[in-house]
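These notes are about the structure you will find just below.
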Amino acid sequence: MGASPSTLRTLAPLSFLFDFAAQQYGMFSSPNMLDIHNDNPAAFSPQPYFIAGFFFPQQLFQLAWLWKLYRGEGSAEEQKEMQGYVWPYVIGNLSIGTWMFFWNKNDLHTSNIFVIINTLTQLAYLTTSLPPRRTGSTTNFLTHVVAKTFAGIGVLDLLHNTSAAYYSGVPPSSLVQVATGVGFAAAAGTIHVDAT
């Protein structure tokens, strides 16, 4: 999707604002997203205040990344790396912002579609397009933090929304608990840092 750098610098913050506005709607509407969360207990339901604690600093990293993207900071290669993440970032924000409207209507099956779109998009970017981590590059560091935290949230959302939509009130079996622990440990073991 060969959009111009100026288009990418515009789309990224607009998608952030859409998602941010949707999250505000989710928190302050009635029922709100916590009400829906509490009405649909599931095996992978996160502790809601942990999620809020995670999102706040993650939003700050996004704002720093957006600022550097918008101002064109960094070398040409660093800008190209940042611009390479814009489409997954935009798709993620549009998906999660749209997810909120269905979640708050307690339509968890439809909301799960948007969670799947976001999660697959973020994981595809991480596994195929994330540039190597380079020490000393702030823009590279921010791209890594934003992409990896967005993907991490996507995986958690996928586990949570799928379990709430299809297995509400069903505790995880021992096999699911073991497979989850082994799966996350294996995934974490594949992460590496290229210090070049």
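Below, each value reflects all heavy atoms present in this structure, side chains not excepted, and no hydrogens, waters or symmetry copies.
Interatomic distance, CG of D19 versus CD of Q59, reported as 7.0 Å (0.5 Å rounding). In this structure, CG in N93 is found 9.0 Å from CD in Q23, a value given to the nearest 0.5 Å. To the nearest 0.5 Å, atoms CG (L66) and CG (L17) are separated by 8.5 Å. Atom CD of residue E81 and atom CG of residue L142 lie 12.0 Å apart, to the nearest 0.5 angstrom. Between the CZ atom in F141 and the NZ atom in K68 there is a gap of 11.5 Å [rounded to 0.5 Å]. Atom NZ of residue K148 and atom CG of residue L130 lie 6.0 Å apart, to the nearest 0.5 angstrom.
Hydrophobic clustering keeps L14 apart from F16 (ILVMFWY residues linked when any side-chain heavy atoms are closer than 4.5 Å, directly or through intermediates). Hydrophobic cluster membership differs between I116 and Y167, with clusters built from Ile, Leu, Val, Met, Phe, Trp and Tyr side chains linked at under 4.5 angstrom. M27 is connected to F101 through a chain of hydrophobic side-chain contacts under 4.5 Å among Ile, Leu, Val, Met, Phe, Trp and Tyr, so both are in one cluster. Under the 4.5 Å side-chain heavy-atom criterion for grouping Ile, Leu, Val, Met, Phe, Trp and Tyr, L156 is not connected to F61 through any hydrophobic cluster. No continuous path of hydrophobic side-chain contacts links W67 to V146 [ILVMFWY only; heavy atoms under 4.5 Å].
Between Y89 and Q62, the shortest heavy-atom contact is OH-OE1, 2.5 Å. G154 and V115 make their closest contact through O-CG1, 4.4 Å (heavy atoms, listed as atom of the first residue, atom of the second, distance). The minimum heavy-atom distance between L123 and A151, with the atom names listed, is CD2-CB, 4.3 Å. When all heavy atoms are compared, the tightest approach of S163 to H160 is OG-O, 2.9 Å. Minimum heavy-atom separation, G97 to F18: CA-CE2, 3.6 Å. Listed here is the closest heavy atom pair of V86 and A12: CG1-CB, 4.2 Å.
Put simply, the side chain of K105 does not reach to within 4.5 Å of the side chain of S111, judged on heavy atoms. Side-chain contact check for I117 versus T98: every heavy-atom pair is 4.5 Å or farther apart.
At distances below 3.5 Å, at least one donor-acceptor pair connects side-chain atoms of T149 with backbone N or O atoms of V145. N118 contributes no side-chain N or O that, together with a main-chain N or O of S95, makes up a donor-acceptor pair within less than 3.5 Å. The backbone N or O of P131 sits less than 3.5 Å from a side-chain atom of H144, completing a donor-acceptor pair. No donor-acceptor pair under 3.5 Å is formed between the side chain of D107 and the backbone N or O of F102. The backbone N or O of I36 lies less than 3.5 Å from no partner atom in the side chain of W103, so there is not a single donor-acceptor pair. Between the side chain of Q122 and the backbone N or O of P88 there is at least one donor-acceptor pair closer than 3.5 Å. Proximity of a side-chain donor or acceptor of N161 to a complementary backbone N or O of L108 within less than 3.5 Å is detected.
Y85 and Y125 have tilted rings, their planes meeting at an angle from 30° to 60° on a 0 to 90° scale.
Across T143, T138, T139, a single residue satisfies side chain to side chain donor-acceptor pair (under 3.5 Å) together with W65, and that is T143.
Surrounding OH of Y70 are at most 12 heavy atoms belonging to other residues, nucleotides or ligands under 6.0 Å away.
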What verdict does the side-chain contact (heavy atoms from CB on, under 4.5 Å) test give for D157 and I96, after you've listed the backbone C-alpha separation in whole Å, the side-chain angles of each residue and the deciding distance to 0.1 Å?
CA-CA 9 Å; D157 283 346; I96 296 307; 3.9 Å; yes
